[in-house]
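One structure below.
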Amino acid sequence: MLNRINAPELTISGNLEIVDAIVDKLNNGTPYITTNSGTQEVIKIDLVFEAGSAYSTHPIIANTCNRLIEEGSGKFSSAEISEMLDQYGSYFVTEAGNEFATLSFYTTGKFIHQTLPVLKTILTEPTFSEEEIETYKMQGKQRLAINLNKVDFLARRNFLNTIYGDNHPLGIMSKSEDFDMLNKEALLEFYHNNYRNKLRAVFVAGKLSSEHETAIKNLIEELNFNHSNINNVVEDKILNPKTTYINKKDSIQSAIRIGKKMFNRKHVDYFDFSILNTILGGYFGSRLMSNIREDKGFTYGIGSGLATDINDGYFFITTEVGSNVANDALKEIYFEVERLQNEIVPEEELNLVKNYLFGSFQRSIDGVFALSERHKTLHLNNLTAEHYLNYISRLKSITADDIRMCAKKHLEKASFSEVVVGP
Amino acid sequence: MINFEKFELANGLKVIVHEDKSTPLVAMNILYMVGARDEDPEQTGFAHLFEHLMFGGSINIPSYDEPLQKAGGENNAFTNNDFTNYYLTIPAANLETGFWLESDRMLSLAFTEKSLEVQRNVVVEEFRQRYLNQPYGDAWLKLRPLAYKVHPYQWATIGKEVSHIENANLQDVKNFFKKWYAPNNAILTLAGNCSVEKAKELCKKWFEPIPSVNLIERNLPKEPKQTEMRRLEIKADVPSDQLYLAFHCCSRYDNDFYATDLLSDVLSRGKSSRLYQQLVKDKKLFTDIGAYMLGDLDDSLILIEGKICDGVNPKDAEDAVFYVIEELKKGISDKELEKIKNKTYSSLLFSEMSIANKALNLAYFEMLGDADLANQQETIYNSIKSSDILSISNSVLTKENCSVLTYLSNHHA
């Protein structure tokens with residue numbers, strides 16, 4: 001008779017192989033990092049620039065420049081550029097954070113020779129035509145107006161404003177009028193200063209033949225962009241924690257954000273804190289999910305996280321709950337935070353989290369694009385693969401008491417800011 | 001190209017294995033052929049609520065998630081109108097834990113009152129978060145009953161209304177399980193570091209003892225042909241006007257599916273597509289517009305949805321969409337056809353990047369009749385001619401076949 005009660009034996013090997021990236025440099029010194037593996041003939045080229053919102057006093061120019069760069073260049077209109085990319089199943093994904101802006105170009109081995117010239121014109125001679133800027137303004141204003149009707153959007157931006165203030169790129173709350181200040185000259189200037197002159201690094205990933213590799217590298221060399229490696233640190237001070245209630249009438253759910261400024265992955269407590277965060281709200285079986293969703297049924301989802309970049313990081317708890325139970329949910333959130341400060345995590349739970357995180361890490365390096373992302377994180381943070389090995393070794397050695405100490409040190413309720421958006 | 005082997009257990013469970021030794025993980029996917037279309041009209045949202053209950057403990061194992069996480073695994077699930085899909089990824093060394101958990105919940109659930117009560121609340125909050133507390137979030141709740149008058153696609157997976165979920169009782173839940181959750185109504189796929197021999201051994205051990213059930217043949221009413229345009233206008237507290245056009249089209253099983261899918265691509269695949277270029281970029285009537293085919297297993301819909309620019313009359317915006325449609329009916333150039341086929345080629349490649357996606361793709365095509373269809377998609381799409389697409393656009397993209405939903409903002413009344 002099959003025993004269905006007892007779980008099969010587990011094997012947690014704890015050994016990990018991280019396939020190294022090939023780290024090279026362009027003629028001008030730009031780091032050029034290749035991850036070559038996989039079975040599909042797909043290629044991704046990430047160009048990372050020092051062109052995030054910290055590089056301008058205008059609140060949305062970094063984002064706009066990032067989005068409009070593919071909307072017409074050289075002798076080609078925006079429509080023609082789109083046509084040339086779509087014709088060969090290639091596309092751009094653009095992203096601007098507060099530090100870096102990234103242009104990710106996706107193409108296939110089959111069509112790489114047709115699409116690389118398009119990439120070149122996009123990168124080297126964007127036009128930022130008035131007409132495209134006008135369209136973008138209309139789109140941006142409408143998108144913002146819709147977002148301002150969403151409780152989670154309101155909670156997020158007010159929370160970041162509370163902890164970073166009005167002068168930090170993360171804390172700025174963009175307004176409809178910001179779009180009116182956009183113009184061609186400002187965008188071209190930002191492009192020249194921050195794209196042509198501040199290429200931080202290039203990451204190439206996919207199943208690459210040597211011919212592909214040469215073609216891509218030649219193209220990037222020909223761009224003749226200047227390399228830069230300067231972190232634009234925005235001066236910021238710790239603001240006093242604050243509790244804010246924002247009224248959104250007729251809302252049937254309330255959005256909650258709680259947290260504080262924290263640190264990034266270079267901090268000595270980073271590994272401990274990320275394991276602590278997992279226990280609190282970082283996976284499906286977390287304390288917050290178990291209590292507030294799976295026991296009380298107050299929400300569809302609740303979680304916590306540590307958002308990090310090169311200079312900085314912040315910690316947050318986020319959820320949307322039935323408005324009628326918002327106060328009960330807040331009480332339970334703080335109950336769970338305090339429990340981690342005052343009580344030792346049971347051995348069984350800690351082991352579960354360790355195993356889970358080990359499996360998560362394996363998942364996070366599975367597949368060529370995922371692996372390339374990890375290499376990117378390491379490189380941009382000036383870290384080596386040793387960082388991940390140290391993480392795995394800390395995962396093995398951390399004790400329940402270390403977790404409690406970490407919670408005591410970093411999860412003081414008095415240090416948190418809280419934002420609730422509801423009726 | 002996904003290489004695989006297929007076998008069937010004595011109880012009717014179909015199993016597909018794609019071995020990939022380059023990963024230390026295995027993705028395990030179980031697709032049950034039951035969805036929202038199988039619900040009682042007075043108990044909608046049930047298939048999805050049931051998906052939540054599948055995590056509330058099974059007959060021999062009090063918790064699903066805990067042992068899986070302890071084994072380094074992660075999982076999730078989704079429900080749509082046609083099927084319910086559960087998937088997990090796990091380090092290959094612990095694959096048997098996945099078999100233990102999935103087979104036990106296929107055998108039977110714990111059916112506790114506590115789990116039902118909590119998940120009813122969770123799903124009600126999901127209903128509120130995704131459909132009721134978002135601008136335009138209820139579009140599908142309005143659009144489905146407009147487009148479908150008799151077929152169960154007239155309700156969304158989340159359900160017609162919150163009360164249907166609140167009223168679900170344990171006996172209903174048990175009946176639903178007995179009717180649909182059985183090996184002969186499921187497809188199991190494994191993708192990753194697992195050999196066919198290993199898969200056979202584990203299937204024999206964990207799944208083969210589960211009894212099959214007598215499946216009742218699905219007998220859903222066919223949606224009658226729509227003969228005149230239907231309209232619904234909603235005056236709402238939203239920042240700007242939005243337009244939704246739904247056209248009836250064929251099912252995923254129909255040979256016309258591929259031409260219909262490419263038709264929606266001609267309209268809206270990529271920024272160079274007709275709708276985006278003409279209506280967003282040239283005429284500046286919309287800030288965004290897109291079209292897609294739902295691909296349901298019964299007669300389905302092509303959707304066009306657009307955000308109308310502030311200051312533009314919604315009727316003018318709608319007329320402009322029909323103008324683009326009429327222009328399309330005049331012809332598609334070879335270059336345009338090649339473009340959408342190249343797009344299809346690259347998205348097929350990108351869709352096979354992860355083992356989890358490969359496992360889902362194989363299960364999905366096996367549900368359609370043959371897992372190998374996953375490997376034939378490119379060839380089939382390539383065989384479509386522009387005349388095929390034009391003939392679909394002539395029969396499908398007509399006013400009398402269209403349901404129009406418009407949100408009118410009361411902000412600039």
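First the proteins, then the strands, lettered A, B, ... as listed; each starts at 1.
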Please check: side-chain N/O of A:Gln253 versus main-chain N/O of B:Glu125, any donor-acceptor pairing under 3.5 Å? yes
Return the set of residues passing side chain to side chain donor-acceptor pair (under 3.5 Å) with B:Thr112 (not counting sequence neighbours), or none when no residue passes. none
Answer yes when A:Asp86 and B:Lys343 have at least one side-chain N-carboxylate O distance shorter than 4.0 Å, and no when they do not. yes
With a 4.5 angstrom heavy-atom cut-off, could you sort out which part of A:Lys296 is near chain B: side chain, backbone, both or neither? backbone
Pair B:Lys281 + A:Glu71: basic N to acidic O under 4.0 Å: yes
Under 4.5 Å from a heavy atom of chain B, the part of A:Gln142 involved: side chain
Tell me, please, which residues at least two apart from B:Glu51 pass side chain to side chain donor-acceptor pair (under 3.5 Å). B:Thr79
Segment of A:Ser251 engaging chain B (4.5 angstrom heavy-atom cut-off): both
State whether A:Asp295 and B:Lys114 are salt-bridged, where the test is any N-O pair (Lys NZ or Arg NE/NH1/NH2 against Asp/Glu carboxylate O) under 4.0 Å. yes
Answer with side chain, backbone, both or neither: which region of A:Tyr136 has an atom nearer than 4.5 Å to a non-hydrogen atom of chain B? neither
Proximity breakdown for A:Leu2 and chain B, heavy-atom pairs closer than 4.5 Å: side chain
The interface call for A:Asn149 against chain B, heavy-atom contacts under 4.5 Å, is both
